[in-house]
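Being a predicted model, the structure only gives us computed values, none of them experimental.
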Amino acid sequence: MASVTLGSWIVVHHHNHHHPSSILTKSRSRSCPITLTKPISFRSKRTVSSSSSIVSSSVVTKEDNLRQSEPSSFDFMSYIITKAELVNKALDSAVPLREPLKIHEAMRYSLLAGGKRVRPVLCIAACELVGGEESTAMPAACAVEMIHTMSLIHDDLPCMDNDDLRRGKPTNHKVFGEDVAVLAGDALLSFAFEHLASATSSDVVSPVRVVRAVGELAKAIGTEGLVAGQVVDISSEGLDLNDVGLEHLEFIHLHKTAALLEASAVLGAIVGGGSDDEIERLRKFARCIGLLFQVVDDILDVTKSSKELGKTAGKDLIADKLTYPKIMGLEKSREFAEKLNREARDQLLGFDSDKVAPLLALANYIAYRQN
């Protein structure tokens with residue numbers, strides 16, 4: 001049940017080789033089906049709800065989406081590095097080194113070990129897109145990163161993926177032992193909700209919205225989200241390809257990988273004051289890039305080395321796990337990734353063109369990353 005995380009920073013090259021995909025698949029949310037093969041078309045001009053401060057004469061259109069497949073003036077790398085640094089400072093402050101020292105050392109070891117902070121940055125960008133402030137989203141952003149870190153610590157345990165390397169460093173249980181690693185993950189999980197509830201400004205975000213955010217996050221990581229995907233993933237190892245298909249694989253990754261990315265965007269939109277319509281658009285965008293993230297991760301696992309990835313390469317193949325290249329083949333997997341990228345971007349049609357730039361660039365980054 002290999003978890004996925006972004007590796008070292010790279011220079012992103014935005015290619016212009018969109019191939020029409022022949023792969024048709026239905027993507028399911030945790031409670032109702034949606035179809036990813038027919039992107040929702042939004043009007044190029046939209047009515048902004050009273051809960052959003054976005055008022056703009058410049059909105060993203062279909063033509064803009066196509067043009068922005070090419071390099072733009074928006075400096076995505078500077079944006080995400082700057083945001084990631086702010087997230088790192090907030091995480092460092094939220095989980096200080098205190099008694100009992102050993103558990104906090106273990107928590108901080110994995111929480112502050114690096115990573116690109118894609119989930120918290122997505123949370124912040126979604127908040128800003130609907131008119132909120134970065135500071136408003138920061139507790140939610142930290143909460144999703146704490147939970148993501150918990151999932152990595154637990155996934156690496158001998159009873160799960162049994163991995164020795166994470167983000168180029170020894171895994172948590174290799175440094176602190178299996179017992180402390182389990183507890184460190186548990187502590188991060190519980191503290192994530194405490195931090196979201198207590199650190200979110202009550203002067204800016206209503207209690208109703210905070211409770212809604214807590215519910216969304218809990219659902220994303222429970223038996224309707226992350227846990228569901230992981231359990232099905234574990235039970236799928238070694239299955240005959242004739243017994244499974246794309247829908248089975250998609251269920252795993254929509255729950256295991258996409259669910260937390262989806263929650264990140266939704267939480268940002270909720271605390272940022274987004275309307276229900278804006279929240280759902282961002283939910284569908286994040287669901288698309290979550291699935292895209294896994295397709296690309298599967299491709300990289302069979303095409304890159306452990307040194308290039310910063311984690312053990314080829315483990316899925318060795319473990320006889322279900323992957324997109326295994327079911328679809330490498331080339332069809334690449335075409336499917338292109339298709340998901342286009343569909344993700346189409347969810348953002350009609351939003352303010354300046355505020356949406358980070359999310360459009362994030363979709364491209366995920367699609368074209370090399371580790």
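- Following chains of ILVMFWY side-chain contacts shorter than 4.5 Å, one can reach Met146 starting from Val144, so the two form part of one hydrophobic cluster.
- Aromatic ring pairs are classed by plane angle as parallel below 30°, tilted from 30° to 60° and perpendicular above 60°; the pair Phe76 and Tyr79 is parallel.
- The shortest distance between side-chain heavy atoms of Met107 and Ile153 does not fall below 4.5 Å.
- Using a 4.5 Å heavy-atom cutoff, the side chains of Leu260 and Leu217 are in contact.
- With Leu291 as reference, Leu340 is the one residue of Leu249, Leu340, Thr257 to meet the side chain to side chain contact (heavy atoms under 4.5 Å, CB included) rule.
- Side chains of Lys256 and Leu226 form a contact here, defined as non-hydrogen atoms less than 4.5 Å apart.
- The local environment of CD in Glu280 is crowded, with over 12 non-hydrogen atoms from other residues, nucleotides or ligands closer than 6.0 Å.
- Tracing side-chain contacts under 4.5 Å through hydrophobic residues (I, L, V, M, F, W, Y), one never reaches Ile279 starting from Leu362; they form parts of separate clusters.
- Residues Arg345 and Asn364 meet the side-chain proximity criterion, which asks for heavy atoms closer than 4.5 Å.
- In this structure the side chain of Val130 never reaches within 4.5 angstrom of the side chain of Lys355, judged on heavy atoms.
- Among all heavy-atom pairs drawn from Ala228 and His255, the shortest one is CB-CD2, 4.1 Å.
- For the pair Thr323/Asp301, no side-chain contact is recorded, criterion being any heavy-atom separation below 4.5 Å from C-beta on.
- Summarising the geometry of Val214 relative to Leu196, their closest heavy-atom pair is CG2-CD2, 3.8 Å, with the distance given to 0.1 Å.
- The same ILVMFWY cluster, assembled from side-chain heavy atoms under 4.5 Å apart, contains both Met77 and Leu359.
- Checked against Asp276 for a salt bridge (charged side-chain N to carboxylate O under 4.0 Å, His left out), the options Arg212, Arg283, Arg209 give a single hit: Arg212.
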Would Arg117 and Glu145 count as a side chain to side chain contact (heavy atoms under 4.5 Å, CB included) here? Give the steps. CA-CA 7 Å; Arg117 310 305 189 194; Glu145 188 63 21; 2.7 Å; yes

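- Counting only distance, with no hydrogens or angles, the side chain of His195 and the backbone of Ala143 share no donor-acceptor pair below 3.5 Å.
- Using a 4.5 Å heavy-atom cutoff, the side chains of Arg369 and Asp297 are in contact.
- Taking hydrophobic clusters as Ile, Leu, Val, Met, Phe, Trp and Tyr residues chained together by side-chain heavy-atom distances below 4.5 Å, Leu91 shares a cluster with Leu188.
- Under 4.0 Å is where a charged nitrogen must lie from a carboxylate oxygen, and between Arg281 and Asp277 at least one such pair does.
- Under the side chain to side chain donor-acceptor pair (under 3.5 Å) criterion, Asp92 pairs with Arg108, not counting sequence neighbours.
- Between Ile299 and Leu330, some side-chain heavy-atom pair lies under the 4.5 Å cut-off.
- Salt bridge annotation for Glu262-Arg287: present, with a cationic side-chain nitrogen under 4.0 angstrom from a carboxylate oxygen.
- Evaluation of the side chain to side chain donor-acceptor pair (under 3.5 Å) rule for Ser93 yields no partner, not counting sequence neighbours.
- For the pair Glu216 and Lys219, the salt-bridge criterion is not met [side-chain N within less than 4.0 Å of a carboxylate O].
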